[in-house]
Protein chains: 2
Amino acid sequence: MGSVGTALAEMTMPQISPLAGEPIERADAERLAGVLKALADPARLRLLSLIQAAPDGEACVADLTSPLGLSQPTVSHHLRILTESGLLEREKRGVWAYYRLVPASIATIADLLTPPRKRATKRAR
Amino acid sequence: MGSVGTALAEMTMPQISPLAGEPIERADAERLAGVLKALADPARLRLLSLIQAAPDGEACVADLTSPLGLSQPTVSHHLRILTESGLLEREKRGVWAYYRLVPASIATIADLLTPPRKRATKRAR
DNA sequence: TGCTGATATGCAGGCGGGTCGATGCTGTTG
DNA sequence: CAACAGCATCGACCCGCCTGCATATCAGCA
């Protein structure tokens, strides 16, 4: 396991909003940008949308290639990026790999992007 | 003026959420991805953060180059992208160009990314 | 055991984007 | 009017990413 691409969905979800209080630092900006980069792709947005709208809120790769019009390796690639960003979770049942949303992650991003109008931003310290 | 890069901040703000209801279409995905691409950059996130934290909620280019550690043309480039995405607005006073946030735009993005947990999402059909 | 099907990975091509230096433009100042 | 300062644009370089093809891996099945 000396390689690089395994189990990194840990430090992905940032905590500091760029829209509340003092300017964010470089490291926080890069982490938030990383998750936003995962979102900022039409194919991946459609993947999230397709999975969310799937019968049980889950879908496997074969169900997604046709609606997207992309090849199977490309779809796997996008699903991998979304999973490593913490936006999707993967469960392998038999030969199929089922992907489903992680609502908390997306909610966190939405929260960070919400200006301090209605959210309290928890400035309680 | 037959060029391409002028006054495009019109069809930028999307309306359809990828996380509520039926799958989004390709065009909507591309528009939302466009705005997210504008956000998905550390320098631009820090720019938004710096402007938001500025004394009157506004800042000019010269105030932003030093904290970012980027050259003035690069900062102008990022500000241009943010402005064309509808996230910033520009007001030129004399020689200075003052940029400020457009909270409604960012709130729209945050709203589209909010899963139908707390938001009503208008599932009325 | 050997085969088929579903998924992941390697590799390569092509395009878009971030960055900087140089330059042009405009408004201010002496 | 001349010099200067702030900002935008241009051209260029380089890196990362999206995509597909080929291939490897793994589970189920005859």
Side-chain angles (χ1 to χ4, degrees), chain A residues 1-8 26 29-30 33-48 51 58-85 88-100, chain B residues 1-9 26 29-30 33-48 51 54 58-85 88-100:
Chain A
M1 65 288 273
S3 85
V4 195
T6 35
L8 21 153
R26 190 181 184 88
E30 287 179 356
V35 185
L36 288 174
K37 271 183 203 297
L39 277 173
D41 182 271
R44 291 195 281 269
L45 286 176
R46 296 194 67 199
L47 279 176
L48 292 177
I51 294 174
E58 62 182 15
C60 50
V61 183
D63 304 335
L64 301 168
T65 52
S66 299
L68 268 184
L70 295 177
S71 70
Q72 175 266 321
T74 301
V75 173
S76 272
H77 168 68
H78 286 308
L79 290 172
R80 171 188 164 96
I81 292 181
L82 288 171
T83 303
E84 288 181 349
S85 299
L88 286 183
E89 61 182 7
R90 192 183 95 121
E91 179 193 359
K92 191 151 192 187
R93 291 204 294 267
V95 196
W96 291 271
Y98 287 90
Y99 291 87
R100 52 175 58 231
Chain B
M1 54 290 283
S3 87
V4 197
T6 35
L8 21 154
R26 191 183 182 84
E30 288 180 355
V35 184
L36 288 174
K37 271 184 203 295
L39 277 174
D41 183 272
R44 290 195 282 270
L45 286 176
R46 296 194 66 197
L47 279 176
L48 293 177
I51 294 174
E58 61 182 15
C60 49
V61 184
D63 302 336
L64 300 168
T65 52
S66 299
L68 269 184
L70 295 177
S71 70
Q72 174 266 319
T74 301
V75 173
S76 273
H77 170 67
H78 287 308
L79 291 171
R80 171 189 164 95
I81 291 180
L82 289 171
T83 304
E84 287 180 351
S85 300
L88 286 183
E89 62 182 7
R90 192 183 95 121
E91 180 193 359
K92 190 150 191 190
R93 292 204 295 267
V95 196
W96 291 272
Y98 287 91
Y99 290 86
R100 53 175 59 228

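Scope of the values below: all heavy atoms of this structure, side chains included, with no hydrogens, waters or symmetry mates. Proteins get letters first, then strands, A, B, ... in listed order; numbering begins at 1 in each.
- As judged by a 4.0 angstrom heavy-atom cut-off over every strand, B:Y99 is placed among residues touching the sugar-phosphate backbone only.
- What separates CH2 of B:W96 from P of C:dT28 is a distance of 8 Å, to the nearest Å.
- Contact annotation: A:R80 reaches the phosphate of C:dT9 (side-chain N/O to OP1 or OP2, under 4.0 Å).
- A donor N or O paired with an acceptor N or O is not found under 3.5 Å between the base of C:dA6 and the side-chain atoms of A:Q72.
- Rounded to an integer number of Å, the gap from B:L47 CG to D:dC7 C1' is 15 Å.
- Here the nucleotide nearest the side chain of A:D41, chosen from D:dC18, D:dA8, D:dA22, is D:dC18.
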side-chain contact (heavy atoms from CB on, under 4.5 Å) evaluation trace for B:L36 with A:D41:
CA-CA 8 Å; B:L36 288 174; A:D41 182 271; over 6 Å; no
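- A:E84 places its CD atom 14 Å from the C1' atom of D:dC17, with the value rounded to the nearest Å.
- OP1 or OP2 of C:dA8 sits under 4.0 Å from a side-chain N or O of A:S76.
- Among the heavy atoms of the strands lying under 4.0 Å from A:H78 are primed sugar atoms or P, OP1, OP2 only; no base atom is included.
- The only member of B:L47, B:I81, B:L79 that meets side chain to side chain contact (heavy atoms under 4.5 Å, CB included) when paired with B:L88 is B:L79.
- Listed pair B:R90 / D:dC7 fails the phosphate criterion, with no side-chain N or O lying under 4.0 Å from OP1 or OP2.
- If you take CG of A:L88 and P of C:dA8, they are 12 Å apart, rounded to a whole angstrom.
- Put simply, CZ on B:R26 is 14 Å from P on D:dC18, counting in whole angstrom units.
- Side-chain nitrogen and oxygen atoms of A:T74 include at least one within less than 4.0 Å of the OP1 or OP2 phosphate oxygen of D:dG20.
- Regarding B:K37, its NZ atom lies at a distance of 12 Å from the C1' atom of C:dC15, rounded to whole Å.
- A:R93 comes within 4.0 angstrom of no nucleic acid atom, judged by non-hydrogen atoms across all strands.
- Here the C1' atom of nucleotide D:dT23 and the NE2 atom of A:H77 are 18 Å apart, to the nearest Å.
- Side chain of B:V95, nearest nucleotide from C:dG5, C:dT19, D:dG6: D:dG6.
- With respect to A:E58, the salt bridge (Lys or Arg N to Asp or Glu O under 4.0 Å) criterion is satisfied by exactly one of A:R90, A:K92, A:R100: A:R100.
- At least one side-chain nitrogen or oxygen of B:R44 sits closer than 4.0 Å to the OP1 or OP2 atom of C:dG18.
- A 4.5 Å side-chain heavy-atom check between B:Y99 and B:V61 finds at least one atom pair inside the cut-off.
- Set against C:dC20, C:dT9, D:dG20, the side chain of A:L70 has D:dG20 as its closest nucleotide.
- Between B:R44 and B:L39, the closest side-chain pair of non-hydrogen atoms is not below 4.5 Å.
- Residue-level contact check: A:I81 touches the backbone only, with heavy atoms under 4.0 Å from sugar-phosphate atoms and none from bases.
- At least one side-chain heavy atom of B:L68 sits under 4.5 Å from a side-chain heavy atom of B:R46.
- When the P atom of D:dA8 is taken as reference, atom CG of B:L64 falls 11 Å away, rounded to whole Å.
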